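A quick write-up on the structure given underneath.
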There are 2 protein chains.
Amino acid sequence: MSYTYPYPKADHTTDLVAFAIENMVLKVALIKRRDDPFKGVWALPGGFLNIGTEDLDGCARRELIEETSLDLNNVYIEQLYTYSDPTRDPRGHVISTAYYALIPADLFGTLKHNDDAEDAKWVNLADVIGETGGMPLAFDHMRILTDAVERVRGKIDYFPRIAMSLLPKQFTQAEFRRVHEIVNGVKFDPSNFNKRFRRMVSDGRITKTGEQRATSGRHASLYRIEDA
Amino acid sequence: MSYTYPYPKADHTTDLVAFAIENMVLKVALIKRRDDPFKGVWALPGGFLNIGTEDLDGCARRELIEETSLDLNNVYIEQLYTYSDPTRDPRGHVISTAYYALIPADLFGTLKHNDDAEDAKWVNLADVIGETGGMPLAFDHMRILTDAVERVRGKIDYFPRIAMSLLPKQFTQAEFRRVHEIVNGVKFDPSNFNKRFRRMVSDGRITKTGEQRATSGRHASLYRIEDA
DNA sequence: GCAATAGTGTCTTTGAGACACTATGGG
DNA sequence: CCCATAGTGTCTCAAAGACACTATTGC
């Protein structure tokens with residue numbers, strides 16, 4: 001077939017899966033939709049791409065800034081997947097490129113929302129995807145969310161940067177281990193995990209920075225992950 | 001139900017990075033553009049999404065069928081990334097979702113092309129991205145190609161299915177090893193690599209099927225990867 | 001026999017996991 | 001002293017890498 005230009009066009013949005021850890025629990029940012037379709041239903045934050053002036057990364061970052069008011073220099077953002085089922089949006093064929101973001105613990109804060117939402121909040125991931133029913137989400141957002149969880153789980157073991165992005169700038173061995181436990185939903189033997197941690201220190205991938213910190217037991221050393 | 005939305009829309013295409021191994025060399029399918037922009041320049045095959053009736057996977061598969069006339073049941077296809085720089089296409093803001101495909105050696109064949117191309121052929125990957133200059137590609141297709149190579153390299157060690165998708169239905173230990181060598185661009189010690197291979201046989205991930213095959217030296221056993 | 005390709009055995013090192021242990025702080 | 005948390009040592013096993021070796025075919 002021969003292509004005459006222009007061609008039919010599609011709406012394009014980004015959806016954002018923002019993760020953060022608070023109180024030892026993995027949370028995800030959701031908004032409550034103000035308008036149809038899916039009025040009153042919880043959904044991932046997202047919005048339409050500004051055609052001609054921004055790329056999808058820019059669109060996702062803009063959405064995240066509107067939502068969190070954060071400086072994104074210390075936030076990890078990565079494209080996840082593009083969802084394009086013609087029936088995924090009842091308004092028509094809307095293609096959506098999903099991103100996920102990891103918010104460091106020391107930047108965690110309350111969420112804002114704009115006119116298209118009537119509420120926005122951090123929700124425990126387990127309560128959203130919960131085995132015991134969970135929470136209905138708009139569009140195909142449950143699928144996007146589970147894809148994002150799978151991606152983060154698949155990467156955290158191999159890329160220290162992922163764990164770093166959920167931790168405060170300085171952290172202890174135990175906090176580093178707990179991030180892995182929370183994300184993977186399993187327990188690790190502290191001894192064996194710390195051996196791995198010490199190797200990363202020897203390799204220069206993690207550096208000891210501060211000395212101690214007040215807790216109820218023995219004081220812990222503080223570390224920082226080197227970017228490289 | 002229908003809702004009207006005032007948002008501007010974008011063109012959406014898929015671009016396809018099709019890999020195959022022939023004569024122990026990794027090749028990629030390219031077409032020569034017949035029309036502007038980039039008239040006469042080599043490019044990845046691709047095409048516009050049919051809005052409202054197909055999703056991106058379907059669009060990529062359609063392109064691949066047009067190009068190769070293959071039954072895609074034995075072809076591995078995976079979404080790679082979505083490229084959205086507003087200036088990546090001089091015609092306007094065209095968003096492109098790239099896919100990569102792995103063609104089994106026993107399905108390798110000549111390429112067809114449709115009206116938007118004046119030629120189509122398999123090109124040695126090394127000649128395209130070559131350290132010694134390489135080949136100019138249209139749009140951001142060089143970036144897409146190198147991203148695809150990186151993805152395949154990153155996955156082949158962990159997912160036997162990737163190697164399988166480049167091999168014929170039945171293959172020898174040496175062929176399995178050579179696929180890894182060709183994709184990664186390195187040599188592996190046959191002894192150590194074969195140990196790993198034998199482990200996969202013990203685990204039932206690979207099954208011995210045929211017995212022998214004619215060559216100039218000792219005859220080799222034939223194997224098949226189990227899907228699982 | 002010889003060339004060519006297929007396939008094995010052994011040693012060393014590295015890292016994962018199980019599990020018992022020591023160290024240092026506050027009260 | 002006791003509790004709580006931080007952190008270590010040792011044993012075993014699985015797998016990777018270096019490298020010397022044996023096996024089976026055609027001619």
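These numbers come from the heavy atoms of this one structure, side chains and all, not from hydrogens, waters or symmetry mates. Predicted model only: the values in this text are computed from it and were never measured.
Residue A:T172 is the one, among B:Q212 and A:T172, whose nearest nucleotide of DNA chain D lies closer to the 5' end (criterion: closest heavy atom). DNA chain C is contacted by both A:D189 and A:R218; A:D189 maps to the nucleotide lying nearer its 5′ end (nearest heavy atom per residue). Comparing A:R196 and A:G217 against DNA chain C, the residue whose closest nucleotide sits nearer the 5' end is A:R196.
Listed nucleotides C:dG26, D:dT25, C:dA6 differ in distance to B:H219; the shortest reach to its side chain belongs to D:dT25. For B:Q173, counting side-chain heavy atoms from C-beta on, the closest listed nucleotide (D:dG7, C:dC19, C:dG7) is C:dG7. Of the candidates D:dA23, D:dG7, D:dC19, D:dG7 carries the atom nearest the A:N194 side chain, counting heavy atoms from C-beta on.
The aromatic rings of A:F176 and A:F193 sit tilted, their planes meeting at an angle between 30° and 60°.
Proximity of A:T68 to A:K112: side-chain heavy atoms (C-beta onward) are nowhere separated by under 4.5 Å.
In this structure, B:H141 contributes its side chain and B:L44 its backbone to a donor-acceptor pair below 3.5 Å. Side chain of B:T172 to backbone of B:A220: no donor-acceptor contact under 3.5 angstrom is found.
Rounded to whole Å, atom P of C:dA6 lies 12 Å from atom CZ of B:F197. The distance from atom CG of B:D157 to atom P of D:dA15 is 15 Å, rounded to the nearest whole Å. Residue B:Y158 contributes atom OH, which lies 10 Å from atom P of D:dA16 at whole-angstrom precision. Straight-line distance from the OH atom of B:Y223 to the P atom of C:dA6: 12 Å, rounded to whole Å. Following rounding to the nearest Å, B:E175 (CD) and C:dG7 (P) show an atom-to-atom distance of 10 Å. In this structure, B:F193 atom CZ and D:dA15 atom P are separated by 15 Å, rounded to whole Å. Rounded to a whole Å, the CD atom of A:E211 is 15 Å from the C1' atom of C:dA23. Computed from coordinates, the B:M200 CE to D:dA14 P distance equals 18 Å when rounded to whole Å.
In this structure, A:R177 does not reach the D:dG7 phosphate: none of its side-chain N or O atoms is under 4.0 Å from OP1 or OP2. Remark: A:R198 is not in phosphate contact with D:dA6, judged by side-chain N or O atoms under 4.0 Å from OP1 or OP2.
Side-chain to base pairing of B:K195 with D:dG17: one donor and one acceptor N or O lie within less than 3.5 Å of each other. A:N192 contributes a side-chain N or O that forms a donor-acceptor pair with the base of C:dA18 under 3.5 Å. Counting atom types as modelled, B:S191 pairs a side-chain N or O with a base atom of D:dC19 as donor and acceptor under 3.5 Å.
One finds a salt bridge joining B:E54 and B:R62 here, because a Lys/Arg side-chain nitrogen approaches an Asp/Glu carboxylate oxygen to under 4.0 Å.
Contacts of A:S221 with the nucleic acid, taken as non-hydrogen atoms under 4.0 Å apart, involve only primed sugar atoms and P, OP1 or OP2.
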